[in-house]
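Read the structure below first, then the notes.
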Protein chains: 2
Amino acid sequence: MLSKKTQYAFHALIYLAENVDKGPILISEIASEKSISIKFLENILLELKNAGILGSKKGKGGGYYLMRTPKEIPLARIIRLLDGPIALLPCVSLNYYERCENCKDEAICGLHEVMSKVRDATLKLLENKSLKDILTRE
Amino acid sequence: MLSKKTQYAFHALIYLAENVDKGPILISEIASEKSISIKFLENILLELKNAGILGSKKGKGGGYYLMRTPKEIPLARIIRLLDGPIALLPCVSLNYYERCENCKDEAICGLHEVMSKVRDATLKLLENKSLKDILTRE
DNA sequence: AATTAGTCTATATTTTTTATAGACTTTATG
DNA sequence: CATAAAGTCTATAAAAAATATAGACTAATT
């Protein structure tokens with residue numbers, strides 16, 4: 001399961017994408033529209049900013065805005081940033097790899113093989129689908 | 001990521017499958033062979049037993065054994081039992097469904113659509129692959 | 001200068017995961 | 001039938017992670 005943090009990030013990003021024309025959006029507006037604790041959301045938006053996904057402006061008329069078009073923000077990027085590994089096991093993670101302690105040889109480990117396939121199937125979707133793909137269709 | 005509990009369960013099941021000919025296997029043997037805390041492993045094996053996957057025998061010559069052939073134990077079964085939902089969001093879980101609070105209509109929610117696809121791709125593998133498929137190949 | 005709004009650092013709370021303890025029951029066998 | 005072997009059960013503890021909050025600080029606008 002994705003953490004609340006990641007789920008909130010998706011909802012916030014969707015809101016920002018659906019309101020690009022309004023310029024910078026207040027944290028408090030996103031928080032109340034999406035029913036997220038404002039202080040918790042602050043942290044999340046900051047992380048997204050530090051990762052280069054969002055930009056911000058302080059003072060009156062300030063707020064957060066997308067730094068890229070929704071099409072350019074893959075879902076996998078958001079998940080890895082806020083949730084960590086997408087793979088089901090450390091030994092099949094591309095970005096957070098850790099050697100398996102219990103198994104002697106990954107090359108002949110059947111669990112490794114199956115979980116690699118699961119990872120590939122998942123990434124095929126999450127790396128190719130972007131913020132644009134999760135905007136509400138009408 | 002799968003929890004340690006689920007990872008330990010896989011390793012224990014693999015060990016049991018690879019030693020079917022030896023009759024019931026001691027918890028302590030699995031624990032030391034796979035470097036798992038014996039008391040923690042106890043709980044895990046009990047859960048697997050209560051779910052009908054393992055059987056056990058008390059007293060001398062006792063231990064745990066598989067109640068079904070490895071082929072009949074889908075990986076998804078183990079994961080759901082010990083880890084809960086396989087889906088990335090509650091609103092796309094088949095076995096642990098919860099309605100999404102932030103979205104008005106799941107039918108037109110893009111996040112719902114993508115995450116359903118991820119779930120389907122994952123389940124296609126985890127429900128069709130069994131304990132047999134993760135045994136070490138030689 | 002005053003107000004608005006994001007930034008930063010720290011901490012608190014809650015939940016989940018991981019692990020342990022110990023008394024109890026069942027079974028085999030000498 | 002006594003003893004030892006081995007799983008069962010209930011409870012609790014410890015550690016880690018997830019979730020949430022507080023408040024002082026900085027930057028921008030008017």
Side-chain angles (χ1 to χ4, degrees), chain A residues 1-12 16 22-32 34-67 79 81-85 88-90 96 101-102, chain B residues 1-12 16 22-32 34-67 79 81-85 88-90 96 101-102:
Chain A
M1 284 279 198
L2 298 177
S3 65
K4 288 275 181 194
K5 205 167 167 181
T6 300
Q7 294 181 42
Y8 291 161
F10 279 131
H11 288 294
L16 287 171
K22 297 197 345 195
I25 308 285
L26 297 184
I27 300 176
S28 56
E29 179 178 339
I30 304 172
S32 75
K34 296 291 185 171
S35 313
I36 306 173
S37 145
I38 185 171
K39 274 292 184 178
F40 194 29
L41 183 57
E42 255 182 47
N43 298 324
I44 296 167
L45 296 180
L46 244 196
E47 279 195 74
L48 290 167
K49 182 194 170 181
N50 293 333
I53 295 162
L54 296 182
S56 68
K57 199 183 159 194
K58 289 183 177 181
K60 186 156 192 183
Y64 276 96
Y65 49 88
L66 296 176
M67 286 292 278
I79 295 177
L81 180 66
L82 299 169
D83 242 37
L88 291 182
L89 293 178
Y96 300 83
E101 294 148 24
N102 309 66
Chain B
M1 284 279 199
L2 298 178
S3 65
K4 288 277 181 193
K5 206 167 167 180
T6 300
Q7 294 182 43
Y8 291 160
F10 279 132
H11 287 295
L16 288 172
K22 297 197 343 193
I25 308 284
L26 297 183
I27 300 176
S28 56
E29 179 178 339
I30 305 172
S32 74
K34 296 292 187 172
S35 312
I36 306 172
S37 146
I38 184 170
K39 274 294 185 179
F40 194 30
L41 183 57
E42 255 183 45
N43 298 326
I44 297 168
L45 296 179
L46 244 194
E47 280 195 73
L48 290 168
K49 182 194 170 181
N50 293 334
I53 294 162
L54 295 182
S56 68
K57 199 184 159 194
K58 289 183 178 181
K60 187 158 190 181
Y64 276 96
Y65 48 88
L66 296 176
M67 285 293 276
I79 295 177
L81 180 66
L82 298 170
D83 243 37
L88 293 181
L89 293 177
Y96 301 82
E101 294 148 24
N102 308 65

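Letters go in sequence order (proteins before strands), and every chain restarts at 1. This one's a predicted model, so the numbers in the text were calculated from it and none came from an experiment.
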Sequence neighbours excluded, which residues qualify as salt bridge (charged side-chain N to carboxylate O under 4.0 Å, His left out) partners of Lys4(B)? none
Rounded to whole Å, OH of Tyr64(B) lies from C1' of dA6(D) at a distance of 10 Å
By side-chain contact (heavy atoms from CB on, under 4.5 Å), Ala12(A) pairs with (sequence neighbours left out) Ile30(A), Leu41(A), Leu45(A)
Heavy atoms within less than 4.0 Å of DNA chain C: which residues of residues 49-56 of chain B have one? Give them sorted by number. none
Take the protein atom CZ of Phe40(A) and the nucleotide atom P of dT15(C), then report the distance between them rounded to whole Å. 14 Å
How close or far is atom P of dT7(C) from atom CD of Glu47(A), stated in whole angstroms? 13 Å
Would one find a side-chain N or O of Ser37(A) under 4.0 angstrom from OP1 or OP2 of dT21(D)? yes
Any chance you could measure Ile79(B), atom CD1, to Gln7(B), atom CD, to the nearest 0.5 Å? 10.0 Å
Which residues pass the side-chain hydrogen bond (donor to acceptor under 3.5 Å, both in side chains) test with Glu29(B), sequence neighbours left out? Tyr15(B), Lys22(B)
Round to the nearest Å and state the distance from Glu29(A) atom CD to dG6(C) atom P. 10 Å
Leu41(A) vs Ile25(B), nearer the 5' end of DNA chain D by closest nucleotide: Ile25(B)
Dump the pairs, protein N or O against N or O of nucleotides 26-30 of chain C, anything under 3.5 Å, distances to one decimal.
from    : atom 1 : to       : atom 2 : distance (Å)
dT26(C) : O4'    : Lys58(B) : NZ     : 3.3

Assuming nearest nucleotide by heavy-atom distance, tell me which of Lys4(A) and Lys39(A) is located more 5' along DNA chain D. Lys4(A)
Between dG7(D) atom C1' and Ile27(B) atom CD1, what is the distance in whole Å? 6 Å
Working to the nearest 0.5 angstrom, can you tell me the gap between Lys39(A) NZ and Ile27(A) CD1? 8.5 Å
Listed by chain and number, what are the side-chain hydrogen bond (donor to acceptor under 3.5 Å, both in side chains) partners of Ser3(B), not counting sequence neighbours? Thr6(B), Asp83(B)
Rounded to whole angstrom units, what separation is found between the CG atom of Leu26(B) and the C1' atom of dG7(D)? 10 Å
Hey, does Leu2(B) reach any base, or is it just sugar-phosphate, or nothing, if we go heavy atoms under 4.0 Å? nothing
For the helix from dA1(C)-dT30(D) to dG30(C)-dC1(D), how many degrees between its two end axes (five pairs per end), to the nearest 10°? 10°
Starting at CD1 of Ile38(B) and ending at P of dT8(D), how long is that distance when rounded to a whole Å? 13 Å
Partner set under side-chain contact (heavy atoms from CB on, under 4.5 Å) for Ser28(A), not counting sequence neighbours: Leu26(A), Ile38(A)
Should the heavy atoms of other residues, nucleotides or ligands under 6.0 Å from CE of Met1(B) be counted, would the total exceed 12? yes
Show me the side-chain donor-acceptor pairs of residues 56-66 of chain B shorter than 3.5 Å, one per line, residues at least two apart or across chains.
from     : atom 1 : to       : atom 2 : distance (Å)
Ser56(B) : OG     : Lys49(B) : NZ     : 3.2
Tyr65(B) : OH     : Ser56(B) : O      : 3.4

Give, for atom CZ of Phe10(A) and atom CG of Leu89(B), the distance between the pair rounded to the nearest 0.5 Å. 8.0 Å
Ile44(A) CD1 to dT7(C) P, in whole Å, measures 14 Å
Which is true for Leu45(A) with a 4.0 Å heavy-atom rule: it touches a base, it touches only sugar-phosphate, or it touches nothing? nothing
Dump the pairs, protein N or O against N or O of nucleotides 10-12 of chain D, anything under 3.5 Å, distances to one decimal.
none

Tyr8(A) side chain near dA20(D) phosphate (N/O to OP1/OP2, under 4.0 Å): yes
Could you work out, with ring pair (Phe, Tyr, Trp, His ring centres under 6.0 Å) as the rule, every residue matching Phe40(B), not counting sequence neighbours? Tyr8(B)
